[in-house]
Amino acid sequence: MNLDKINKTGDIKNIPDSELNNLAGEIREFLIDKVSKTGGHLGANLGVVELTMALHLELDLPKDKIIWDVGHQSYTHKILTGRKEGFDTLRKYGGLSGFPKRSESDCDSFDTGHSSTSVSAGLGMVCARDLRGGDETIVSVIGDGSLTGGMAFEALNNAGRFDTNYIIILNDNDMSISENVGGIPKYLNSIRTSNGYLGLKESVYNKIIDKPYGQEVVGRIRRAKNSFKSLMVPAGMMFEEMGIVYLGPVDGHNIKALRNAIKEAKRFKRAVLIHVLTKKGKGFAPAEKHPARFHGTEPFDVTNGVPLNPRKVAAWTDIFSTVMFKLGEKNDRIVAITAAMSEGCGLRRFSKKYPDRFFDVGIAEQHAVTFAAGLAIGGYRPVFAVYSSFLQRAYDQIFSDICLQNLPVVFAIDRAGLVGSDGETHQGVFDLSYLSELPNMTICAPKNKWELSDMLKFATSFDGPVAVRYPRGEAYAGLKEYREPVVFGKSEWIYREKDIALLAVGNMVQIAEAVRDILKKEGLNVSLINARFVKPIDKEMLKECASAHKLLVTIEDNVLSGGFGEHILSAVSEDDLNIKVMNFGIPDRFIHHGSVDQLRKELGLDPGSIAECVSGKFKTDCN
C-alpha cells in the first residue's frame with residue numbers, strides 16, 4: 001500500500017510517478033471509510049485528491065503556503081502532512097478538525113471556514129513575503145462557488161496590480177453546496193469548452209520561454225490581447241483583463257497535467273489563475289450522483305451511501321421548510337432567498353413549487369440582504385434563510401439597508417447557537433448580540449417546533465425587520481400544550497411559582513425545563529418563562545418576576561457579551577427592580593468542535609451544571 005508510506009510532510013515525493021494514480025485511489029478509499037464512520041465533508045474532498053497531490057509534489061511545505069478557501073476540502077492535505085492517524089477522531093471532541101487549523105499543523109497556513117476569503121489572505125501573504133525578501137510560493141485554492149462571493153472579486157481586482165508571483169487555483173466542480181447559479185457559473189462553463197486555446201498557448205510558450213528574451217516575448221504576446229485570443233477563450237479573457245495570467249482549463253484528475261500547470265505558474269512574476277476542472281464526489285457513486293447530500297454527511301453505509309442513523313424526528317430546518325411551503329401557498333407576496341443553501345436551509349420544496357418567487361443569489365450574503373431590501377420596497381415579503389454564522393458577513397447591509405429603512409424583511413436564522421462538529425467558524429453564538437444593537441430589529445426564538453411555525457407566521461406579517469432564530473438538529477416537540485398566540489414583545493409563562501424564575505431563550509427552554517426538574521427535587525419553588533422575544537424585552541414580565549421572585553436566571557446559547565442576559569440586567573437596573581440576576585451563556589472565547597452535549601457540559605450549560613450553580617446562589621444569597 002502506497003498510503004502506508006505517507007506518514008509525514010513530503011513523503012509523497014518518495015512515491016514513484018507510476019504509483020501516483022494508485023495512491024489517489026487509496027486516498028479515496030481511506031476517506032470514504034473514515035468519513036462513513038465519523039461523518040464530515042466527503043464530496044468536496046473526493047474531488048480534489050489529485051489536485052492536492054500535485055500541489056504537495058510541486059511545493060515545498062511547510063515553507064510554501066496553501067490557503068484553502070472554506071477549508072472543508074483539506075482532508076487529503078491533512079493526510080499528506082502526517083495526520084492520517086487522526087482521522088478516527090475527525091470532527092470529534094478533542095480530535096482532528098474538519099478545517100485547516102494553524103494550531104494543528106505548520107502546514108496549515110490560514111484558519112478558514114467561510115468562503116471567498118482565500119485570495120485576499122493569499123495576497124496578503126504574498127505582499128508580506130516580498131516585504132521581508134522571502135521566496136516561498138503562495139497558492140490560494142478557491143472553488144467556483146466561492147467565486148460568486150464579492151470579496152473574491154475584490155481580491156482578484158487587487159491581485160492584478162502586483163508584479164510578483166502569486167498562484168490562484170480555481171477548483172471548478174460546478175457546485176457550491178447546492179448547484180451553482182448565476183452569471184459566474186455560466187461564464188466558467190464557456191471556458192470548459194475552450195480547450196483549444198490551452199493547447200495553442202502551451203505549444204507557443206514551451207517553444208520560446210527558455211530562449212533569450214523569452215519572458216519578454218511572452219509578456220508582449222499576453223499584452224497584445226489579439227482578436228484571435230479573444231475568439232478562442234472569450235471567458236478566460238476576464239481574468240487576463242484584470243491583469244491575471246489565465247491557464248486552463250486543466251483536467252483536475254490528471255496529476256501530470258496539474259503538475260505541469262503548477263510548474264508553469266511558478267515562473268511568472270504576476271498573479272496566475274489555474275482553472276482546474278474536478279468532479280465533486282469522484283470515486284464514490286452515491287456522492288457523484290448526489291453531491292449536495294454528500295457535501296456534509298452524517299455516518300453512512302459505504303455500500304450504498306444510506307445514513308446509518310436516519311433522523312426519526314423532524315429537524316428544525318424541516319419544520320421551517322414545511323411552514324414556508326404553506327405560507328407561500330397562502331400569500332403570493334412571500335418570496336424566499338438563499339445564498340447557495342437551498343437544501344441546507346430547507347427551501348428546496350419552496351423553490352420547486354414557486355420558482356418565480358425563489359432566489360438563489362450564490363455565496364453572496366451581503367448581496368442577499370440588500371437584494372431583500374429591494375424586494376421589500378417593491379411590495380414583497382422577503383424571507384432570507386441563512387445560517388447564523390454566515391449572516392455575520394452581511395452585518396453592514398442589515399444595518400444600513402434593512403434596519404435603517406425599517407423594511408419588512410424576515411431573517412430565518414438556521415444553525416443558531418452551538419452547532420457542534422464544524423467548530424469555531426460555524427458556531428452560531430453571536431447573532432443575538434450583533435442584531436440586538438440595531439434599531440428597528442425584532443428578534444424572536446421558538447421553544448419548540450409549533451412555536452417556530454407561529455413565529456414565522458407572525459414575522460411574515462410584521463411591518464419591520466424580524467429575525468427568527470432556531471438551532472441545528474431535531475426540533476423539540478415538548479411543551480406542546482403551551483401555545484399562546486405570538487404577540488409582539490410578549491414572553492410566555494409556562495410554570496408560575498415563586499422564589500426562582502428561569503427565563504430561557506428559544507431551544508434553551510428545553511434545557512431550562514430540565515433545570516427546573518432538578519431544582520424541584522431539591523424542594524425549591526421555580527417558575528419557567530419562555531422569553532420568546534429577545535428584542536424587545538418584555539418589561540412587564542420582569543416586573544412580575546421581581547414581585548414574586550428573589551432570583552432571576554437567564555439561559556441562552558449566545559455569547560454573554562452583548563447577549564440577552566446583559567440586556568435583562570440592564571433593564572432590571574434601569575427600572576430599579578428588587579431581584580438578583582444570574583446569566584448563563586457562552587463565555588468570551590471561540591468554541592471548538594465536538595458534540596453539542598459535550599460542549600454544553602464543558603461550558604457549564606448542561607442542566608446539571610446550571611442547576612448546581614442556581615441552587616448554590618439561591619441558598620447563599622437569597623435566603
Side-chain angles (χ1 to χ4, degrees), residues 148-150 178 181-182 316-317 319-416 431 434-435 438-446 452-470 486 488 535:
T148 63
S178 301
V181 295
W316 290 95
T317 306
I319 303 302
F320 168 77
S321 176
T322 299
V323 176
M324 276 297 294
F325 184 84
K326 293 179 179 178
L327 288 174
E329 187 174 37
K330 294 177 180 178
N331 185 350
D332 61 8
R333 291 287 176 173
I334 290 177
V335 297
I337 304 169
T338 184
M341 298 288 290
S342 60
E343 292 194 24
C345 286
L347 287 174
R348 179 63 75 179
R349 288 179 66 195
F350 189 98
S351 70
K352 297 295 184 184
K353 180 69 173 179
Y354 317 107
D356 293 341
R357 290 188 277 140
F358 169 76
F359 303 95
D360 186 342
V361 301
I363 302 177
E365 290 84 2
Q366 294 153 302
H367 163 60
V369 171
T370 305
F371 174 69
L375 281 164
I377 287 176
Y380 286 84
R381 292 280 179 161
V383 178
F384 177 30
V386 60
Y387 288 6
S388 172
S389 178
F390 298 158
L391 184 60
Q392 294 164 184
R393 297 154 63 93
Y395 180 78
D396 182 64
Q397 287 71 28
I398 301 170
F399 157 68
S400 61
D401 300 330
I402 303 296
C403 290
L404 193 62
Q405 301 186 77
N406 198 26
L407 296 175
V409 173
V410 178
F411 297 93
I413 306 178
D414 202 335
R415 277 30 172 208
D431 52 72
Y434 69 75
L435 292 175
L438 295 176
N440 293 329
M441 176 62 76
T442 294
I443 309 169
C444 51
L452 174 57
S453 175
D454 295 342
M455 283 185 176
L456 286 170
K457 293 172 185 175
F458 161 82
T460 53
S461 62
F462 186 74
D463 288 327
V466 183
V468 182
R469 76 186 301 263
Y470 45 95
V486 175
F488 175 71
K535 185 181 181 184

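Everything numeric in this text was worked out from a predicted model, so none of it was measured.
Put simply, the side chain of M341 does not reach to within 4.5 Å of the side chain of V386, judged on heavy atoms. Put simply, the side chain of F358 does not reach to within 4.5 Å of the side chain of K352, judged on heavy atoms. Side-chain contact check for L327 versus L456: some heavy-atom pair is nearer than 4.5 Å. Contact check for L438 versus I398: side-chain heavy atoms found under the 4.5 Å cut-off. Using a 4.5 Å heavy-atom cutoff, the side chains of P465 and N406 are in contact.
Looking at residues two or more places apart in sequence or on another chain, you find a ring-ring contact (aromatic ring centres under 6.0 Å, His included) between F458 and F462, F533. Looking at residues two or more places apart in sequence or on another chain, you find no salt bridge (charged side-chain N to carboxylate O under 4.0 Å, His left out) involving R357. Residues passing the ring-ring contact (aromatic ring centres under 6.0 Å, His included) test with F384: none are found, sequence neighbours excluded. Here D356 pairs with nothing under the side-chain hydrogen bond (donor to acceptor under 3.5 Å, both in side chains) rule; sequence neighbours left out. Judged as a side-chain hydrogen bond (donor to acceptor under 3.5 Å, both in side chains), and not counting sequence neighbours, T460 has no contacts. For F320, the ring-ring contact (aromatic ring centres under 6.0 Å, His included) criterion is met by Y470, not counting sequence neighbours. The side-chain hydrogen bond (donor to acceptor under 3.5 Å, both in side chains) check on S351 picks up nothing, with sequence neighbours excluded. By the side-chain hydrogen bond (donor to acceptor under 3.5 Å, both in side chains) test, D414 is found to be paired with T317, residues two or more places apart in sequence or in another chain being considered. For D454, the salt bridge (charged side-chain N to carboxylate O under 4.0 Å, His left out) test picks out R483, with sequence neighbours left out. Considering only residues two or more places apart in sequence or on other chains, A459 meets the side chain to side chain contact (heavy atoms under 4.5 Å, CB included) condition with V410, V466, V468. Scored by the salt bridge (charged side-chain N to carboxylate O under 4.0 Å, His left out) test, R393 finds E365 as partners (sequence neighbours excluded). Scanning for ring-ring contact (aromatic ring centres under 6.0 Å, His included) contacts around F359 gives F371, with sequence neighbours left out.
The distance from atom CD of Q366 to atom CD of Q397, rounded to the nearest 0.5 Å, is 5.0 Å. Between the CG atom in L391 and the CZ atom in R415 there is a gap of 14.5 Å [rounded to 0.5 Å]. Note that the NZ atom of K353 and the NZ atom of K326 stand 13.5 Å from one another [nearest 0.5 Å]. Between the CG atom in N440 and the CG atom in L404 there is a gap of 8.0 Å [rounded to 0.5 Å]. Considering CG of L452 and CD1 of I319, their distance stands at 7.0 Å, rounded to 0.5 Å. Atoms CG and CG, on L407 and D463 in that order, are 11.0 Å from each other to the nearest 0.5 Å.
R469 approaches D431 most closely through the heavy-atom pair NE-OD1, 2.5 Å. Considering all non-hydrogen atoms of both residues, A339 and D360 come closest at C-OD1, 4.0 Å. Heavy-atom minimum distance, F488 versus T442: CE1-OG1, 3.4 Å. A pairwise comparison of heavy atoms in P408 and P382 identifies O-CD, 3.5 Å as the closest pair. Across all their heavy atoms, A336 and M324 have their closest contact at CB-CE, 3.9 Å. Heavy atoms only, all atoms of each residue included: R333 and G379 are closest at CD-O, 3.4 Å.
Around CZ of F399, the count of heavy atoms belonging to other residues, nucleotides or ligands within 6.0 Å does not exceed 12.
Judged purely by atom type and a 3.5 angstrom limit, Y354 uses its side chain to pair as donor or acceptor with the backbone of E329. Without hydrogens or angle criteria, T148 side chain to I363 main chain gives a donor-acceptor distance under 3.5 Å.
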* Under the side-chain contact (heavy atoms from CB on, under 4.5 Å) rule, what do S321 and F350 come out as? Steps first, then yes or no, please. => CA-CA 7 Å; S321 176; F350 189 98; over 6 Å; no

* **Working for side-chain contact (heavy atoms from CB on, under 4.5 Å), residues I402 and F411** => CA-CA 11 Å; I402 303 296; F411 297 93; 4.0 Å; yes

